[in-house]
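Heads up, the thing below is written out as structure tokens.
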Amino acid sequence: SNYTQLDKADVFALGATLFELASGNELPSGGQLYEDLRRDKVPLLPNMTTSMMQMIRSMMRYDPAERPSASQLLSRLRRGGSGGIGGIGGSAPR
């Protein structure tokens, strides 16, 4: 078995959790939104900054190799690249 991208599963899970918290809904187990999420089509949430949505989208990429590492995420947060935790601060998406 290949476990080289196992840590990227944790990154996906964190992104999915952030998405659930921001949307106020559980991730779907089927239907169109489920299919969209599996195809890297994470919908824009109106209460999130653009940079936070970009971070969540990168964390939920279908291909684990395209997801950021935990250290990359931490560096981005330290630089303020997410628009703030929970999307607070920065500019809201339009």
Q.
Asp63: which residues meet the side chain to side chain contact (heavy atoms under 4.5 Å, CB included) condition with it, sequence neighbours left out?
A. Ala65, Glu66
Q: Output every pair passing side-chain hydrogen bond (donor to acceptor under 3.5 Å, both in side chains) with a member in residues 9-31, not counting sequence neighbours, ordered by first then second residue.
A: none
Q | Closest approach of Pro64 to Tyr62 (non-hydrogen atoms, all atoms of both residues) | A | CD-O, 3.2 Å
Q) So which heavy atom on Pro68 is nearest to which on Leu73, and how close? A) CG-CD2, 3.6 Å
Q) Taking all non-hydrogen atoms of both residues, which atom of Leu44 and which atom of Arg57 are closest, and how far apart? A) N-NH2, 3.3 Å
Q | Inter-residue atom distance Met60.CE - Leu18.CG, 0.5 Å rounding | A | 9.5 Å
**Q.** Flag side-chain contact, heavy atom, 4.5 Å: Pro43 against Asp36
**A.** no
Q. Listed by chain and number, what are the salt bridge (Lys or Arg N to Asp or Glu O under 4.0 Å) partners of Glu35, not counting sequence neighbours?
A. Arg39
Q) What is the distance from atom CG of Leu37 to atom CD of Gln32, rounded to the nearest 0.5 Å? A) 10.0 Å
Q | Shortest non-hydrogen contact from Ala22 toward Met48 | A | CB-SD, 3.5 Å
Q. Are Leu27 and Met59 joined in one hydrophobic group, where the rule is that I, L, V, M, F, W and Y side chains link up if heavy atoms are under 4.5 Å apart?
A. yes
Q. So, the side chain of Arg61 versus the backbone of Arg67: is there a donor-acceptor pair under 3.5 Å, distance only?
A. no
(Q) Could you see if Leu77 belongs to whatever hydrophobic cluster contains Phe12? Use Ile, Leu, Val, Met, Phe, Trp, Tyr and a side-chain cutoff under 4.5 Å. (A) yes
**Q.** pair Leu45-Met52: side-chain heavy atoms closer than 4.5 Å
**A.** no
